[in-house]
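Everything numeric here is computed off the predicted structure, so don't read it as measured data.
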Amino acid sequence: AINTLGEEDPWMDVWALQTAGGLWAGNMDHDHPMVSPIHGSMEGLPPISTFIGGRDLFLADNRKLKAIMEEQGTPINYFEYPHMFHVWMIFPGLREGKKAIKQMVELING
């Protein structure tokens, strides 16, 4: 589900996301795990990490992914930053971006 409950994402809009998703899926069913991984099994996967903003259009799907992984007993490092938008962590001037990059480095370095 596309997040339309909160503030608008200034980086991405629903039309662009749906257009890109349709191009990515091609002739495949949009519920196929290769198109949308939340429709596949998460069992047996190694721990994954996800960073999401409270304004990101993928927020609802990230929350769903987190719930599925927890339900299936698959470890997830989930970081949700309120008021942040899609790809916010690439902006070095944002305090939250700096914090997220530090968290990513810590995850990689163990």
Side-chain angles (χ1 to χ4, degrees):
I2 294 173
N3 177 29
T4 56
L5 302 175
E7 301 172 65
E8 188 172 321
D9 187 332
W11 194 257
M12 183 184 294
D13 64 33
V14 174
W15 179 86
L17 179 59
Q18 290 173 335
T19 300
L23 292 170
W24 173 259
N27 293 329
M28 294 176 68
D29 182 354
H30 291 191
D31 290 337
H32 191 287
M34 293 294 289
V35 175
S36 181
I38 62 172
H39 296 291
S41 174
M42 304 296 161
E43 293 182 85
L45 290 177
I48 70 160
S49 301
T50 184
F51 290 78
I52 190 73
R55 297 171 65 183
D56 194 314
L57 288 177
F58 289 110
L59 177 61
D61 284 338
N62 269 258
R63 287 178 176 171
K64 184 175 182 177
L65 173 67
K66 180 180 184 279
I68 291 168
M69 292 190 73
E70 289 173 345
E71 181 181 291
Q72 294 181 7
T74 304
I76 183 170
N77 299 303
Y78 181 85
F79 303 91
E80 185 175 315
Y81 282 73
H83 311 296
M84 291 294 101
F85 45 88
H86 192 70
V87 301
W88 51 271
M89 66 287 294
I90 68 168
F91 294 95
L94 292 175
R95 179 181 67 244
E96 295 87 346
K98 291 176 186 175
K99 182 178 178 183
I101 297 296
K102 182 178 178 187
Q103 289 171 310
M104 290 176 202
V105 169
E106 290 171 357
L107 288 166
I108 292 168
N109 290 334

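Met69 CE to Lys66 NZ: the interatomic distance, rounded to the nearest 0.5 Å, is 11.0 Å. Leu107 contributes atom CG, which lies 11.5 Å from atom CD1 of Ile48 (distance to the nearest 0.5 angstrom). With rounding to the nearest 0.5 angstrom, the CZ atom of Phe51 is 10.0 Å from the NZ atom of Lys99. The CG atom of Leu65 sits 6.5 Å away from atom OG1 of Thr50, with the distance rounded to the nearest 0.5 Å. Atoms CG and CG, from Asp9 and Asp56 in turn, are 5.5 Å apart once rounded to the nearest 0.5 Å. Taking CE from Met89 and OH from Tyr81, the interatomic distance works out to 8.5 Å, rounded to the nearest 0.5 Å.
Contact record, Met42 with Ile68: CG-CG2, 3.7 Å, taken as the closest heavy-atom pair. Contact between Leu57 and Val14 at its shortest, heavy atoms only, is CD1-N, 3.7 Å. For the pair His39 and Pro33, the tightest heavy-atom approach, listed with the atom from each and the gap, is O-CG, 3.8 Å. Across every non-hydrogen atom of Trp24 and Met34, the tightest pair is NE1-O, 3.6 Å. Shown here for Ala25 and Val35, the closest heavy-atom pair between the two residues is CB-CG1, 3.8 Å. Thr74 approaches Gly44 most closely through the heavy-atom pair OG1-N, 4.3 Å.
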For this session: Starting from the C-alpha separation in whole Å, work towards a yes-or-no answer on side-chain contact (heavy atoms from CB on, under 4.5 Å) for Ile52 and Arg63.
Result: CA-CA 9 Å; Ile52 190 73; Arg63 287 178 176 171; over 6 Å; no
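Between Phe58 and His86, the ring-plane angle classifies as tilted under the 30° and 60° cut-offs.
Counted within 6.0 Å of CG on Asn27, heavy atoms from surrounding residues, nucleotides or ligands total 12 or fewer; the atom is thus considered open.
Residues Trp88 and Arg55 have side chains not in contact (no heavy-atom distance under 4.5 Å, counting atoms from C-beta outward).
The hydrophobic clustering, which links ILVMFWY residues whose side-chain heavy atoms are closer than 4.5 Å, places Val87 and Met104 together.
Not a single donor-acceptor pair under 3.5 Å links the side chain of Glu43 to the backbone N or O of Gln72.
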